[in-house]
Amino acid sequence: MHFYTTYFDVMKRILLFNILVFSLIGCSFTQASAQRKLLILGSSTSSCTIGQSTTGCYVNRLKTYYAQQGAPIQVANRAVAGEDVYRGMPTSYTPPPGRRNPNAGFNITDGLREENPDVVLISYPSNGYDVFTVKEVMFCLRTIKQTANAAGKPCFVTTSQPRYDEFTFNTSAVRRTLAEIKDSVLAEFGTYAIDFWSGLVNNADTTLLPQFNWDGTHPNDAGHGVLLQQMINKNIFNIALPLQLVNFAAENSGNAVSIEWTVEAEKEMRSYQLEKSSDGRIFSKVYEVTALNVSKSHRYTFTDVAVARSAAYYRLGMVGKDNFLNYSQTIEVKGVGGDNAEKVYLSNNFTLAATLNADKNKQVKLGIFNSTGQLLMETTRSLSAGMNNLSIGISNLKTGLYFLKVYGQNIDSRARPFSKP
């Protein structure tokens, strides 16, 4: 009896040991394969709710990019349209008079506690910056970053973005404040600053460049492509990636379009395919070049002599040696012609009037969107070459802020804001 008791005790211990070993192995594999998590605090640009398609938003494209590199990530996106830096402050913070309280559930305190991220991204690009001083903006950004760092989390801060609207960001003084905030973020946070300004700004008046502009405040899909590239270049998870696309640009001289791109950390690349489109949706290859795979920075160029009369769209396909194809953002190049909304105004409370310039006779669509980018009304109109005066009935719209866009084949105008009283 004593022998059997001892035998079964030993076997029991062996079984328990094996279970423990396999459990530890299972835990180690689970830990090794766990995806890195990014916590985002910010406003509408990062919330992916205004100005761009769901797939066009830089946040979603960043997830796709890392998945394509074999290093998928999770994103806890707590950005909310309309938020400002005070809303992201720690829960214990009491703001000065006239400033909003931290937003429980969407601030740094709750984000760290509930998500336990590997990396934090702070992106409040413009809301309130027509009122806040540079000093108070930097205090808030610094406090949020320090809170993340105190929890052992690397934290990156985006700069301000160029912005123009007809109500608050309509003076050069306000837009200079945006530029000062951009400079301050880059100077103070250094390696942990991400530039959401330089690729989007029209240096002539510090507004959004037309090809990246949705409504004066928010970038369109192409603009989000610029933000995506800045995120990729920063490599916030410190993952070994085969390529960094530093620059991708095109310029129309009237007789030809000059296209160039610059890459760094180029390795295991097969070729680059330049693709062109007349509508930004259907692309065809116009040029391909073998990758040099040099260790230093290298610049590639191409000249497209087939200049479009209205607009042309380009994107760069980057082919790895495993034949995996990864695309850059799409860039738009204006041609000789073009259409734009010269003026949008209310002729009365029930009618919206618009003056549009067309390069030739054509049909276009006029769409009215709300502030979240939802299409509320759409109508088709015929334009004649030259100036056109149009009117649209808006009696069904409630009081509020709306946007008019003109779109169709080879046309995608900037969204023009108007308010219905």
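On a predicted model such as this, the values are computed, not experimentally measured, just so you know.
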- Message: What's the separation between atom CZ in R381 and atom CD1 in I392, rounded to the nearest 0.5 Å?
- Response: 5.5 Å

- What pair of heavy atoms forms the shortest contact from P162 to T206, and how long is it? CB-O, 3.8 Å

- Item | Donor-acceptor contact present, side-chain D165 to main-chain F169, <3.5 Å | yes

- Item | Side chain proximity check, L38 to L62, heavy atoms < 4.5 angstrom | yes

- Query: Do the side chains of V333 and D304 get nearer than 4.5 Å, heavy atoms only?
  - Reply: no

- Distance (rounded to the nearest 0.5 Å) between D195 CG and L186 CG: 5.0 Å

- Message: Students often mix this up, so state it plainly: with edges at 30° and 60°, are the rings of W261 and F248 parallel, tilted or perpendicular?
- Response: perpendicular

- Task: Considering only NZ, NE, NH1 and NH2 on the basic side and carboxylate oxygens on the acidic side, decide whether D110 and R113 come within less than 4.0 Å.
- Result: yes

- Please tell me if the side chains of K153 and N116 come closer than 4.5 Å, counting only heavy atoms from C-beta onward. yes

- side-chain contact (heavy atoms from CB on, under 4.5 Å) assessment of I236 paired with I194: CA-CA 10 Å; I236 60 177; I194 302 178; 4.2 Å; yes

- Query: With a 4.5 Å heavy-atom cut-off, do L200 and P219 have their side chains touching?
  - Reply: yes

- Reported CZ-to-CZ distance for the pair R78 and R87, which is rounded to 0.5 angstrom: 14.0 Å

- Backbone N/O of R315 and side chain of E275: donor-acceptor pair under 3.5 Å: no

- Item | Nearest-0.5 Å distance, CG of residue D118 to NZ of residue K37 | 8.5 Å

- Note on the structure: Between Y124 and G88 the two heavy atoms that sit nearest each other are OH-CA, 3.3 Å

- Note on the structure: Note: E264 and S297 closest approach over all heavy atoms is CG-CB, 3.7 Å

- Task: Could you check if a side-chain atom of Y93 sits within less than 4.5 angstrom of a side-chain atom of T109, using non-hydrogen atoms only?
- Result: no

- Message: Show, in sequence, the C-alpha distance, side-chain angles and deciding distance for I73 and Q35, and conclude whether the side-chain contact (heavy atoms from CB on, under 4.5 Å) test is met.
- Response: CA-CA 5 Å; I73 64 171; Q35 294 182 7; 5.6 Å; no

- Report, as yes or no, whether the 6.0 Å neighbourhood of atom NZ on K63 holds more than 12 heavy atoms from other residues, nucleotides or ligands. no

- Task: Quick one: which residue pairs count as a ring pair (Phe, Tyr, Trp, His ring centres under 6.0 Å) with a foot in residues 171-207, not counting sequence neighbours?
- Result: Y58-F196, F156-Y192

- Message: Could you go through S271 and E288, starting from their C-alpha distance and side-chain angles, then the distance that decides it, and tell me whether this counts as side chain to side chain donor-acceptor pair (under 3.5 Å)?
- Response: CA-CA 7 Å; S271 65; E288 184 169 10; 2.9 Å; yes

- Message: Looking at every non-hydrogen atom in both residues, tell me the closest pair between V286 and F302 and how far apart they are.
- Response: O-CZ, 4.0 Å

- If you look at every heavy atom in A148 and L112, which pair is closest and at what distance? CA-CD1, 4.0 Å

- Query: Which is it for L366 and L404 under the side-chain contact (heavy atoms from CB on, under 4.5 Å) test, yes or no, and what are the steps along the way?
  - Reply: CA-CA 7 Å; L366 306 181; L404 173 70; 4.2 Å; yes

- Message: For the backbone of E83 and the side chain of N127, can you confirm whether one donor and one acceptor N or O come within less than 3.5 Å of each other?
- Response: yes

- Query: Do F212 and N220 come within less than 4.5 Å of each other through their side chains, counting heavy atoms only?
  - Reply: yes

- Kindly compute the distance separating CG (L41) from CG (L121), expressed to the nearest 0.5 Å. 8.5 Å

- Do you know the tightest heavy-atom contact between P125 and L178? O-CD2, 4.0 Å

- Query: How far does CD of E260 sit from OG1 of T303, to the nearest 0.5 angstrom?
  - Reply: 10.5 Å

- Pairwise side-chain contact, L141 with I122, heavy-atom cut-off 4.5 Å (strictly under): yes

- Query: Between W214 and K405, is any pair of side-chain heavy atoms under 4.5 Å apart?
  - Reply: yes

- Query: Hey, are E188 and K145 close enough for a salt bridge, meaning a charged N less than 4.0 Å from a carboxylate O?
  - Reply: no

- Intermediate values then yes/no, side-chain contact (heavy atoms from CB on, under 4.5 Å), V185 and T158: CA-CA 7 Å; V185 168; T158 72; over 6 Å; no

- Query: Do the charged groups of R175 and D205 touch, with an N to O distance under 4.0 Å?
  - Reply: no

